[in-house]
Amino acid sequence: MKIRIIADSASDMSSEEHENLTLIPMKIVFGETEYLDGVTLSQREFYEKLIASEELPTTSQATPYEFEKVIREAVEAGETPIVVTISSKLSGTYNSAKIAACEFE
């Protein structure tokens, strides 16, 4: 049985370092510009913007659809998905993953 680990980008892990890891990027908003964590905004760029910005950034959780899509890809590839998210007390990402997981046995 092959395992697919699915995590949100708040984990600060790198899918380049782990071949069985799929990251779902969280959204980070600086002003009116939205970035995808680790995709359109690197950690270095995040901290540079954090220093330069007058306002703190906001974040947005990954959606149930985003989780459902990668869970489905794992299942169709014959993998067992294991989803790890940021704490439910810090973000709604856990709830999004839970909603998506209900679509599968």
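Hydrogens, waters and symmetry mates are skipped; everything else that's a heavy atom, side chains included, is used.
- Listed by chain and number, the residues in a side chain to side chain contact (heavy atoms under 4.5 Å, CB included) with S11 are A7, M13, L23 (sequence neighbours excluded).
- A continuous path of Ile, Leu, Val, Met, Phe, Trp and Tyr side chains, each step under 4.5 Å between heavy atoms, connects Y47 with I28, placing both in one hydrophobic cluster.
- I24 forms part of a hydrophobic cluster together with I6, F67, V70, I71, V75, V83, F104, judged by ILVMFWY side-chain heavy-atom separations under 4.5 Å.
- The two residues E68 and A100 make their nearest non-hydrogen contact at N-CB, 3.4 Å.
- Counting all heavy atoms, side chain and backbone alike, T93 lies closest to Q61 at OG1-CB, 3.3 Å.
- When every heavy atom of M26 is checked against every heavy atom of D8, the shortest pair comes out as SD-OD1, 4.0 Å.
- Residue L90 shares its hydrophobic cluster (ILVMFWY side chains chained together at separations under 4.5 Å) with I86.
- The closest side-chain heavy-atom distance from P57 to L50 is below 4.5 Å.
- One distance of note links OG of S60 with CD of E34; it measures 6.5 Å at 0.5 Å rounding.
- With sequence neighbours excluded, no residue forms a side-chain hydrogen bond (donor to acceptor under 3.5 Å, both in side chains) with E73.
- Considering only heavy atoms from C-beta on, K27 comes within 4.5 Å of L36 through its side chain.
- Annotation for A10 and D37: closest pair N-OD2, 4.3 Å, computed over non-hydrogen atoms.
- For Q43, the side chain to side chain contact (heavy atoms under 4.5 Å, CB included) criterion is met by D12, not counting sequence neighbours.
- In terms of the side chain to side chain contact (heavy atoms under 4.5 Å, CB included) criterion, residue partners of K49 (sequence neighbours excluded) are, by chain and number, F30, Y35, L41.
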